[in-house]
Amino acid sequence: MKSAKRKDIPDVCIVGAGLVGGLMAYELARRGLKVVVLEAGPRHDPKDRAAYMQDIVSGRIAGPAWTSNMPERDVYSDAGEVEYPLNWLRAKAVGGSTLHWGGQIWRFLESDFRLRSLYGIADDWPIGYDDLEPYYGKAERALGVAGTVDNPFMARRSTDYPMPGFPFSLADKPFLEGCQKLGIKVHTIPWARNSVPYQNRPACAAFSTCGRFRICPIVAQYTAESHVGLAEATGNATVIANANVVRLLTNRQKRVTSAVYMNGEKKESEQKARMFVLAAHTVETARLLLLSESNQFPRGLANGSGMVGKNFMERPAVAVSGILKENVFPHRIGFPTAASLQFCDPKNRHEIGGIKMAFHTLSDPMPYTLARASGKWGMALAEEVHKSFGHQIVAEAAIEQLPDPKNTVTLDPKLRDSFGNAAPRITYSFGPYEKSTLEASAKLCRKILGATGAEEAEDGEDHGFAGHPMGTCRMGNDPDTSVVDRNLQAHEVPNLTIVGGSVFVTGGSLQPSLTMAALAIRAAEHIAGGKA
Amino acid sequence: MLVSRRNFLLGAAFVTTAAATGAVFVARPYLAKKLSPELDTAYPLGILNDGEMRTIAALGEVLAAPAFEPPKGFFEDYVNLVTQTKRGLLKEYRSAAELLNATATKLFGQGIRKTFAELSVSARDQILHKLLWQYSARDRVVPKVEKIAASRDALALRMYVMEPLIEYYYRSQYGWAVVGYKSFPGRPQLDPRAYTRLPYDTEAV
């Protein structure tokens, strides 16, 4: 009887069904491991997406339901100099943040892994670009990346993009011409979005809703629901939605034995497994480890080093907009098609961080924004909207932030979520490095806009965020200064693996999603004992 | 003791400023209420009656671009949705209908009750001009003048009825047609690579 029960225990329990949780589930399940995925949010049916999109586009509903649909559960506090809009940037549901992501998907540069060696700042990763290169290729094929090899700043690649890239838009023309005058190389952008039918998903039909409205009605843009579905199709994976994991329990051997989770009705359940994978977002992963303190782990699970929750990073961003005389006819595709990585690895990177330039021609104002701002109606309004629409362009820079142990995710001493657990407290500030880089970025944006002939409309004084939280469970070779090893296994807990942006040592200036995916595939291979 | 002309003027300026400041101070609650009309969230949810809805639909016809009129029922669908889901809006839509009909009678009734909906689009447009000002998005002065000069109900008409209806219209295919687009966010391009070229329908307006 006892052995029968043991047989029922799944091999792996994954916390989180987002980008890396979904990929891990599939990679493990296809190798024959029995997997249970616990997802805090609900499951949305992709079939509902078209009607859902129409409601958002028409303004009948304010925005996607997957953005913090339970505010009392998702409470958090801010304690730093810079406010961090956590709930605006995350999504709790099967699919995670890929439900509302942009889908821009870059490999990191070789230098991004070696900041200490090359520039004497931050730390090197315990792995390098060459270690990850084959997995970048696997991740590109898994997610379905459409790209063109036209970028002189990227590192070598051993495989082609699985789909042809998206060409420049007509609206990119002013940037292409302006940057050429300045000697800045502009190239296309790789996207996790089908340019041709791929993996049972259709090609992009230019609904133009993925950027502004954060929804693709035909799921031509990748969401992690794909891999969750593929994992289930193997017959080896089960997904439990609305399962909010609140604690990981351990035994005397310092192994995790089960995940305690609560459903929407606050009913407590327990999921046992032989191995556990945390794929629960940079903030929640750290919080869950801290909540899982015990006699053996008094500072929190896997936190003997005290590094859990430390070195929280983002990709701060600035945008400068300008008005052109000519109409660039924007909003005929939902995503930007031009960028420049020329400033991602500057020679003086010890002083100024990497800057990734993107050129947006699908920004506000939309016709309805123009119409609402005007005080006219009827024909007079139609003439004003027609005359004003399509002239705005935006140069946007996302920058590199260095890890800083003072930027943290901790447990709030007072604030509790709807389950009675300590809410996350985010202490976040910019150091001199980030401030200088933001200043240099705004200057660069203005210079490029000037070269396009645009009249400056907004000066880029305010910063925003790209929505890519990283750090909090950094990887490293030294258990005293890191939480997980080079294979993402927790130093102190042999059956616990952590995946996602939380394990990043440094953030770079490029979108982290492909690196997260590549690391997840590599970690799955390690868990499965190298089985391909 | 004689008061010099300079001191007299200074004194007068001081008294005038003090009186104006006092008046603004006293009128502050009234001004705040008028400048930003608030929704009565205690008012129940519900739908407009047929007459009220006809008035609002007739208003929609004045707000839309004449060349791109939406079909019958377009504005009604939206109004029914919001008055049943957001508290306070039903009251504002009712007040708006009442204001428009009252102004219709006043301007065009000649002693007989007139409804806004039975007037021509041009006459309805005149009614809006009577209640509100037209100004461009760049105008910084006229909106402030309107806030002072227009009635609370007229300002609420703009804020809670006209602006949302205008936004709803310009989010739709009819609004996108104003800028020459047949394909727009929410409707796919016939050719997904059309974004690389000039649109073929740029001369639509």
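Scope of the values below: all heavy atoms of this structure, side chains included, with no hydrogens, waters or symmetry mates. Chain naming here is simple, since letters A, B, ... match the order of the sequence lines and numbering starts at 1 in each.
With a 4.5 angstrom heavy-atom cutoff, A:Pro167 touches chain B via backbone and side-chain atoms both. Heavy atoms of B:Ser172 lying under 4.5 Å from chain A are absent altogether. Heavy-atom distances place the side chain of B:Leu81, and not its backbone, under 4.5 Å from chain A. Only the side chain of A:Thr337 comes within less than 4.5 Å of a heavy atom of chain B; its backbone N, CA, C and O stay farther away.
Chain A forms the most heavy-atom pairs under 4.5 Å with one residue out of B:Ser136, B:Ala65, B:Pro192, and that residue is B:Ser136. Highest contact tally toward chain B, considering only A:Ala50, A:Pro217, A:Pro367, is held by A:Pro367 [criterion: heavy-atom pairs under 4.5 Å]. Top candidate by heavy-atom pairs under 4.5 Å with chain A, chosen from B:Pro185, B:Ala137, B:Pro66, is B:Pro185. Of the listed residues (B:Tyr170, B:Phe184, B:Tyr195), the greatest number of heavy-atom pairs within a distance under 4.5 Å of chain A belongs to B:Tyr195. When A:Gly390, A:Gly378, A:Ala373 are compared by the number of non-hydrogen pairs under 4.5 Å with chain B, A:Gly378 comes out ahead. When A:Ala380, A:Cys204, A:Ala205, A:Ala203 are compared by the number of non-hydrogen pairs under 4.5 Å with chain B, A:Ala205 comes out ahead.
Judged by distance alone, with hydrogens and angles left aside, the side-chain atoms of A:Asp172 form a donor-acceptor pair with the main-chain N or O of A:Ser169 at under 3.5 Å.
In this structure, B:Phe74 and B:Tyr169 have perpendicular ring planes: the angle between them is above 60°, well past the 30° mark.
Salt-bridge annotation for A:Arg49 and A:Glu225: present, with a side-chain N of the basic residue lying under 4.0 Å from a carboxylate O of the acidic one. A:Lys181 and A:Glu177 are not joined by a salt bridge, as no carboxylate oxygen comes within less than 4.0 angstrom of a charged side-chain nitrogen. For the pair B:Glu92 and B:Arg152, the salt-bridge criterion is met [side-chain N within less than 4.0 Å of a carboxylate O].
No option in A:Phe389, A:Tyr368, A:Phe329 other than A:Phe389 meets the ring-ring contact (aromatic ring centres under 6.0 Å, His included) test with B:Trp176.
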(message) Would A:Trp191 and A:Tyr161 count as a ring pair (Phe, Tyr, Trp, His ring centres under 6.0 Å) here? Give the steps.
(response) CA-CA 10 Å; A:Trp191 289 101; A:Tyr161 285 112; over 10 Å; no
